[in-house]
Enquirer: 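Quick one: the structure is below, questions incoming.
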Amino acid sequence: MENLEHFLQRLKTTAWRTSCARFNAARRLKRRDGFATFSIAFFSALSVGVSIIPRIYALPTGSMVENHISTLSIFIGIFVIIISLIEWAANSQGAGEKLYENAKKLNAFSRKLDQFIATNTSNIQFNKDDVTFFREEYESIIASCPLNHLPIDDLLFLVAHRKSEEFLSHDKKPRIGLIKSWYILLKGLLADTWFYAILWLTVSVILLMIFTAH
């Protein structure tokens with residue numbers, strides 16, 4: 001009987017952990033989609049603005065400033081194409097919605113299982129059929145989503161709950177130290193957005209070269 005209860009407790013923790021990881025994944029993908037949309041819009045507007053600068057200021061043909069502007073215009077055009085193709089293939093918004101819906105189902109399952117354990121603990125009514133039912137329901141919810149979260153999404157959950165009793169070490173201390181938790185938080189913030197940061201940095205460097213040359 002105790003083994004069955006222990007199994008259900010671990011199943012509840014697993015469902016809770018997985019649901020939170022998938023909520024993190026949904027937020028990460030939403031952030032990525034926002035970065036992509038803003039980058040495409042801004043780069044497109046910048047491309048139009050850059051293309052008319054030589055005419056407005058009557059820049060000499062072949063000058064250093066005009067060469068930098070032409071380089072920037074080419075890079076921006078390439079960046080817009082790259083971002084559009086990558087996001088079209090990734091479908092971040094759609095993937096995020098699927099993970100979010102699956103996380104809600106897992107969250108509801110965790111509450112349902114928690115209620116069952118709380119109701120039956122005092123009466124000691126656990127049996128093999130109950131455990132099998134909940135295990136199969138959990139596996140069914142997991143199988144209903146073709147996508148999965150990334151390891152960083154799970155690590156962010158562990159950081160947020162590193163002092164929870166379920167995840168403490170044998171000596172009752174957090175398994176993830178404070179410095180490592182900061183590193184994980186930074187890594188989570190940059191996940192799926194570092195690529196756009198590189199593009200923005202490249203554009204910023206070329207703009208700085210233009211202003212310096214001018």
Side-chain angles (χ1 to χ4, degrees), residues 14-54 66-109 139-161 180-211:
T14 300
W16 171 45
R17 179 174 175 175
T18 306
S19 68
C20 290
R22 295 194 170 185
F23 277 129
N24 288 337
R27 284 189 286 267
R28 170 177 53 80
L29 290 171
K30 184 177 180 180
R31 184 169 65 247
R32 169 178 171 166
D33 183 66
F35 264 91
T37 301
F38 180 78
S39 296
I40 291 174
F42 183 81
F43 285 160
S44 299
L46 185 61
S47 178
V48 174
V50 165
S51 64
I52 64 175
I53 288 179
E66 188 193 33
N67 291 336
H68 287 331
I69 290 177
S70 298
T71 301
L72 177 61
S73 181
I74 293 172
F75 270 99
I76 290 176
I78 294 174
F79 291 165
V80 170
I81 294 174
I82 291 175
I83 295 173
S84 300
L85 290 175
I86 290 177
E87 289 306 310
W88 174 79
N91 188 21
S92 299
Q93 184 176 3
E97 290 175 354
K98 290 180 181 178
L99 286 167
Y100 181 78
E101 290 302 320
N102 190 252
K104 289 198 301 182
K105 292 179 181 179
L106 286 169
N107 207 21
F109 170 80
E139 293 173 350
S140 175
I141 295 173
I142 292 295
S144 67
C145 182
L147 304 173
N148 196 8
H149 55 271
L150 297 181
I152 187 61
D153 302 315
D154 183 55
L155 287 174
L156 288 172
F157 164 79
L158 292 177
V159 167
H161 301 278
K180 187 176 181 180
S181 66
W182 290 344
Y183 169 74
I184 292 173
L185 289 173
L186 178 60
K187 187 177 180 180
L189 182 64
L190 295 177
D192 282 355
T193 59
W194 61 269
F195 173 71
Y196 301 105
I198 292 176
L199 299 185
W200 279 88
L201 180 61
T202 302
V203 171
S204 299
V205 169
I206 298 177
L207 282 173
L208 180 62
M209 293 171 63
I210 292 174
F211 287 119

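These numbers were taken from a predicted model, which means no experiment stands behind them. As a basis for the values below, the full set of heavy atoms in this structure was taken, side chains included, without hydrogen atoms, waters or symmetry mates.
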Enquirer: Checking Arg17 now: which residues fulfil salt bridge (charged side-chain N to carboxylate O under 4.0 Å, His left out) with it, not counting sequence neighbours?
Expert: Asp154

Enquirer: Taking the side chain as C-beta and beyond, is there a heavy-atom pair between Ile82 and Ile78 under 4.5 Å?
Expert: yes

Enquirer: Please identify each residue that fulfils side chain to side chain contact (heavy atoms under 4.5 Å, CB included) with Cys20, with sequence neighbours left out.
Expert: Trp16, Phe157

Enquirer: Which distance, rounded to the nearest 0.5 Å, do you find between the CG of Asn107 and the NZ of Lys105?
Expert: 13.5 Å

Enquirer: Residues two or more places apart in sequence or in another chain: which of them pass side chain to side chain contact (heavy atoms under 4.5 Å, CB included) with Leu150?
Expert: Arg28, Ile152, Asp153

Enquirer: So which pairs with a foot in residues 74-89 pass side-chain hydrogen bond (donor to acceptor under 3.5 Å, both in side chains), sequence neighbours left out?
Expert: Arg32-Glu87, Glu87-Ser92, Glu87-Tyr196

Enquirer: Identify the heavy atoms of Asn102 and Ser144 that sit nearest to each other, and give their distance.
Expert: ND2-OG, 3.4 Å

Enquirer: Roughly how far, to the nearest 0.5 Å, is the CD1 atom of Ile141 from the CZ atom of Phe109?
Expert: 6.0 Å

Enquirer: Going by the rule side chain to side chain donor-acceptor pair (under 3.5 Å), which residues pair with Asn24 if we only count those two or more places apart in sequence or in a different chain?
Expert: Arg27

Enquirer: Is any side-chain heavy atom of Lys187 less than 4.5 Å from a side-chain heavy atom of Tyr183?
Expert: yes

Enquirer: Applying ring-ring contact (aromatic ring centres under 6.0 Å, His included), name anything that partners Tyr100, two or more places apart in sequence or on another chain.
Expert: Phe23

Enquirer: How far apart are the closest heavy atoms of Leu189 and Arg31, and which atoms are they?
Expert: O-NE, 3.8 Å

Enquirer: Measure the NE2-CG distance between His149 and Leu29 for me, rounded to the nearest 0.5 Å.
Expert: 12.5 Å

Enquirer: Would you call Glu97 and Gln93 a side-chain contact if the rule is heavy atoms closer than 4.5 Å?
Expert: yes

Enquirer: Using every non-hydrogen atom in the two residues, find where Ser73 and Ser47 come nearest and quote the distance to one decimal.
Expert: OG-OG, 4.4 Å

Enquirer: What is the distance from atom CZ of Phe42 to atom CG of Leu46, rounded to the nearest 0.5 Å?
Expert: 5.0 Å

Enquirer: Quick check for you: to the nearest 0.5 Å, what is the distance between Asn91 atom CG and Leu147 atom CG?
Expert: 9.0 Å

Enquirer: About how many Å separate CG of Leu185 and CG of Leu190, when rounded to the nearest 0.5 Å?
Expert: 11.0 Å

Enquirer: For the aromatic rings, using the six-membered ring if either is Trp, is the centroid distance between Trp200 and Phe38 under 6.0 Å?
Expert: yes

Enquirer: Mind checking whether Ile86 and Phe195 have side chains closer than 4.5 Å, heavy atoms only?
Expert: yes

Enquirer: Do Phe43 and Ile83 have side chains that approach each other closer than 4.5 Å (heavy atoms only, starting at C-beta)?
Expert: yes

Enquirer: Quick one: closest heavy-atom pair of Arg22 and Leu99, and the distance?
Expert: CB-O, 3.9 Å

